[in-house]
Amino acid sequence: MPRIKIDGISIHYEIHGEGFPLILIRGFGSNADHWYCQVPAFSKRFRTVVFDNRGIGRSDKPGGLYSIADMSEDTVGLMDALNIECAHVLGISMGGMIAQEVALRNPSRVNGLVLACTHCGGSHTIRSRKETAEIFSRFASTGSPEDGTKMAGCLFTQKTIRERPEIVSRYREVSSRFPVEPDVLSRQLQAIYGHETWKRLHEIKNPTLIITGGDDVLIPPENSRTLAERISGAKLEVISGCGHQLILEEDEVFNNRVIEFLTAVSL
């Protein structure tokens, strides 16, 4: 398993395929393995890099507080270590927050930017409903399998849970390989709470695709509309009939939209 030391932290990473680099950044509690529906498609066109965020999976678990800014620096540090001067950057959920910071702090390192199911943070965030927020917070506190089961309703539509249970089952199986310690979930949650880019989003000049599920109850699609309004020239795609894990519920649609966008803006 390849690991690279970045500012004293060993980060697990994988590289799939050849071509222009594409960095994929996963979200809360998830790791490189969760890109199982994307890597086969993206690696046919791009040199696709996936990795475990600090504290997650096979990467080191440093103490102290985590921040979105810290994790953005981890991402750029990984690019440096792999001699990647410029890449497409795609982040989902918390990974989308990290991707925003990468583009804001290191604009020349980003070609195409894809922000999936994410928000700008702060007072301009459209919050989830109370019951959804409570389930999410409880899972962040315990990380227990029982609370993880309840989390499925925050991540997938009820139709998917009812009619395509194999999608949820596979997600749970992949998640079970590297259970996340509650203290790491808590640190990630605090990082999310500290995220705020609304005032700076106009500084992003990179070609940007913003994509979300029309039925996302965890990070409602209105958040993506806010991002699209604040980032000049951004393209907004709302995929109907899917929730927060649209990359698994409608993987072919998602993958095709991303590939089409990134192919058009590739250097």
Looking at D80 and R109, is any side-chain nitrogen of the basic one under 4.0 Å from a carboxylate oxygen of the acidic one?
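Looking at D80 together with R109, the answer is yes, because their closest N to O distance falls below 4.0 Å.
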With a 4.0 Å cut-off on N to O distance, would you call R54 and D60 a salt bridge?
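Salt bridge flag = no for D60 with R54.
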Between [Y] and [X], do the side chains contain a donor N or O and an acceptor N or O under 3.5 Å apart?
| X | Y | result |
| --- | --- | --- |
| S175 | H34 | yes |
| T197 | E101 | no |
| T157 | T160 | yes |
| S232 | H202 | no |
| D70 | S67 | yes |
| Q38 | D251 | no |

Can you name the side chain to side chain donor-acceptor pair (under 3.5 Å) partners of T142, sequence neighbours left out?
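So T142 forms a side chain to side chain donor-acceptor pair (under 3.5 Å) with S144, D147.
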For N106, which residues count as a side chain to side chain donor-acceptor pair (under 3.5 Å) partner, sequence neighbours excluded?
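Result, side chain to side chain donor-acceptor pair (under 3.5 Å) vs N106: none returned.
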Contacts under 3.5 angstrom, residues 42-50 side chains, donor-acceptor by atom type, not counting sequence neighbours:
residue	atom	partner	partner atom	Å
S43	OG	V39	O	2.6
T48	OG1	F46	O	3.2

Please name the pair of heavy atoms, one in N206 and one in P107, separated by the smallest distance, quoted to 0.1 Å.
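For N206 and P107, the tightest heavy-atom pair comes out as ND2-O, 3.0 Å.
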